[in-house]
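In this text, all values refer to a predicted model and were calculated from it rather than measured experimentally. Residue numbers start from 1 in every chain, and the chains themselves are labelled A, B, ... in the order their sequence lines are given, proteins ahead of strands. Just the heavy atoms: all of them, side chains too, but no hydrogens, waters or symmetry mates, feed the values below.
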There are 2 protein chains.
Amino acid sequence: MLRPTVHDVARVANVSLSTVDRVLNGRDGVRAATRERVRAAMRELGYERDIMAANLSRKRVYKVHFTLPEGSNSFMRNLAEEVRAQAREAARDRTRISISTVPPFDGRALAADLRRLRDAAPEAVPDGVVVVATDAAEVRQAVSELRGAGIEVITLVSDLPASARSRFVGIDNVSAGRTAAGLLGRFCRGQKGRIAIVAGSMLLRDHVERRLGFEQVMHAEFAHLAPMPPIEGRDAADEVERRVSEALEARPDITGIYSLGGGNGGLQRALLRVSPTPRPMVVAHELTEQSRHALQDGVFDAVLHQDIGHEVRSALDILRALIDATPVEAGRGLIRTEIFLRDNLP
Amino acid sequence: MLRPTVHDVARVANVSLSTVDRVLNGRDGVRAATRERVRAAMRELGYERDIMAANLSRKRVYKVHFTLPEGSNSFMRNLAEEVRAQAREAARDRTRISISTVPPFDGRALAADLRRLRDAAPEAVPDGVVVVATDAAEVRQAVSELRGAGIEVITLVSDLPASARSRFVGIDNVSAGRTAAGLLGRFCRGQKGRIAIVAGSMLLRDHVERRLGFEQVMHAEFAHLAPMPPIEGRDAADEVERRVSEALEARPDITGIYSLGGGNGGLQRALLRVSPTPRPMVVAHELTEQSRHALQDGVFDAVLHQDIGHEVRSALDILRALIDATPVEAGRGLIRTEIFLRDNLP
DNA sequence: CTGAAAGCGCTAACAT
DNA sequence: ATGTTAGCGCTTTCAG
């Protein structure tokens, strides 16, 4: 037996197609009694609307806008590239993607960009917005206004907690930090010594979260391995190289290193230059050309990674579902942190 | 400007809709010259067919059958549960799913079930079959017959190489084995001793491949840790418990264990009962209630996991594409192997 | 408030 | 070998 259609509902409820449609789409102009009759018919038949057919008829085009930080680091450049790549494919799924970039770490500029979207000409106003959020009050406010205008907002990579954003898509950074500690602690089993943490800046939210998770687990499970205060390398290879070299020379008992930010090329050079023995075990973030080589050469032991393509795709899926007011699983959007060793490089 | 439609193509090529349709679907009854004219028009306009509309018009229902091993272990039970869950959702995507189960490790029974599908009443013959394959000649034969009858066949979780199956959906099991070795080798750094391998059956292709990858890396990178010949527990907790207990008692120098199959409850019990010191490091497969507890209690150190939901969804996507004769990316279907520690349990 | 009718992009009889 | 026409399930004018 085939799925019931609007026709069946109309017949059973003894109304016309248009009335069923009005009820289906919550439009008014239907007497309460009639509406109830239609609802009853739907329930009785187990009616479920065919979204494909609906979209076809309505000639629906999902208008989605991405607001990204200007290409400060290679991660963000990759992200922008990925969005552009998927913009092409998305056309086949009735999705039109636009992109704008704003200066990084500038809440004001970001908020202004979001407001611009809301105030655009009606046919240019997007149905949904994806934003790599800077954590600032103005941004929270702007997001709230977008939502007020019926625009769905997804935060990507970096969340905006306590805001009106519809969803967050990215990894769980606390969990990533915990994972790093679990690996590094086991890699250094039976060793005595210290663990060095290399971060970009403790002003970056995801870095803070990773460190938090890392120290939670280190403290609870591997108390003999005392993490040192973070070395802040500002995600810049040169600075990382200099500071890590100093640290390695000053403390020959460094048995493990957790690099939770960028600048991994510098870390790698520092390790090759100082070459302490036995070599420290190293866990870093994001699979790039640099970190891939470091893994292959046995300089890094593990790399934690977030799959950007997956994140963008996921953001689009969730956005379309939100726009269609289709139920979206709660946990959807939490991307797994992938773990790469030399042995499972893709 | 909107996407061009069949109407546009027809107009430009100066033919009727039906002719465009014939060319589009590779039906014959079109003169070569006409066909070329239509093709040219498509290229000129950049025409791309709207699959949703096509399916709507065609009233297509994808009939898909899953043949699964009877619930011997919790992984397979979860798999069956997941398939049932998605059977409900899939209805919305014009997909009708049926399921049958067969005794595990029984190539004959599996082959019989597959033949039954092909020989069913015409309207009950599925368009595609998804099967967790037992590696046996009869099964290869049955798969070949299904394909001969125009039925697409996808192997799930465990592949059937050198067979006529259309695709494989699952993890790269060689890579998973390598990953396990990379982890276990590092976890046992500085130790001397032996590594025990616990497998279900060397008749299962995925188990063979995992072992292969594991030994590759063990040999190349951690030669001081000699892997023992596999203990075959037939994925049954009791048998695993018995055999592992014996092994632990016979060889107190077991410093690491790689459990690449099912029956992890038994492994866990054996470890608790014999409780060798220092406790061996343990890497196992599949996150289940059992292995989750083992991780939390510090009995297991890492669990390699395949996301079943993702696999089932992926299998259905690919199957629909195959049935539609839509091109399917080659790498599609290779699911990432996830790594869980106590610290990043979902 | 409610309904009839004309599509959306594609396919499938049924002509010609 | 090609064209005409009537839908698929839903939405959207435009009339009652």
**OP:** Let me know the distance between CG of Asp21(A) and P of dG3(C), rounded to the nearest Å.
**Re:** 13 Å
**OP:** Can you check whether any acceptor in the base of dG3(C) is under 3.5 Å from a donor in the side chain of Thr19(A), or vice versa?
**Re:** no
Original post:
Just how far, in rounded Å, is P of dG9(D) from CG of Asp50(B)?
Top reply: 16 Å
Original post:
Are the side chain of Arg140(B) and the backbone N or O of Pro161(B) linked by a donor-acceptor pair below 3.5 Å?
Top reply: yes
Subject >> Ala54(A) side-chain proximity, nearest of dG9(D), dC10(C), dC10(D) >> reply: dC10(D)
Subject >> Side chain to side chain, Thr19(A) and Ser16(A), heavy atoms closer than 4.5 Å >> reply: yes
Original post:
What is the distance, rounded to the nearest whole Å, between atom CG of Leu24(B) and atom P of dA12(C)?
Top reply: 11 Å
**OP:** Provide, to the nearest angstrom, the distance between the NZ atom belonging to Lys59(B) and the P atom belonging to dT11(C).
**Re:** 15 Å
Original post:
Starting at the 5' end of DNA chain D and moving along, which residue's nearest nucleotide shows up first, Ala53(B) or Arg37(B)?
Top reply: Arg37(B)
Original post:
Less than 3.5 Å between a donor and an acceptor, one on the side chain of Thr34(A) and one on the base of dT2(C), is that the case here?
Top reply: no
Original post:
When you check the phosphate oxygens OP1 and OP2 of dG3(C), does a side-chain N or O of Ser16(A) lie under 4.0 Å from one of them?
Top reply: yes
**OP:** Considering just the side-chain nitrogens and oxygens of Arg22(A), establish if one lies under 4.0 Å of OP1 or OP2 belonging to dC1(C).
**Re:** no
Original post:
Under 6.0 Å from the six-membered ring centre of Tyr62(B) and within 45° of its axis: does the NZ or CZ of Arg60(B) meet both?
Top reply: yes
**OP:** Please determine if a side-chain N or O atom of Asn25(B) lies less than 4.0 Å away from the OP1 or OP2 oxygen of dT11(C).
**Re:** yes
Original post:
Between Arg27(B) and dA12(C), does any side-chain N or O lie under 4.0 Å from OP1 or OP2?
Top reply: yes
Original post:
When the distance from NE2 of His7(B) to P of dT5(D) is rounded to whole Å, what number comes out?
Top reply: 12 Å
Original post:
What nucleic acid atoms does Val15(A) come within less than 4.0 Å of, heavy atoms only: base, sugar-phosphate, or nothing?
Top reply: sugar-phosphate
Original post:
Is the shortest side-chain N/O distance from Arg3(B) to OP1 or OP2 of dG9(C) below 4.0 Å?
Top reply: no
Subject >> Asp21(B) side-chain N/O to Leu17(B) backbone N/O, donor-acceptor pair under 3.5 Å >> reply: no
**OP:** Classify the nucleic acid contact of Arg49(B) as base, sugar-phosphate or nothing, counting any heavy atom under 4.0 Å across all strands shown.
**Re:** sugar-phosphate
Subject >> Test ring pair (Phe, Tyr, Trp, His ring centres under 6.0 Å) applied to His305(B) - qualifying residues, sequence neighbours left out >> reply: Phe340(B)
Original post:
Quick one: Leu17(B) CG to dG7(D) C1', roughly how many Å, whole number?
Top reply: 13 Å
**OP:** Return the value, rounded to whole Å, for the distance between atom CZ of Arg58(A) and atom C1' of dG9(C).
**Re:** 16 Å
Subject >> Between C1' of dG9(D) and CZ of Arg11(A), the distance in whole Å >> reply: 14 Å
**OP:** Could you check whether Ser18(B) gets within reach of a base, just the sugar-phosphate, or nothing at all, counting any heavy atom under 4.0 Å?
**Re:** base
Original post:
Among the nucleotides dC10(C), dT2(C), dG9(D), which one has an atom lying closest to any side-chain atom of Thr5(B)?
Top reply: dC10(C)
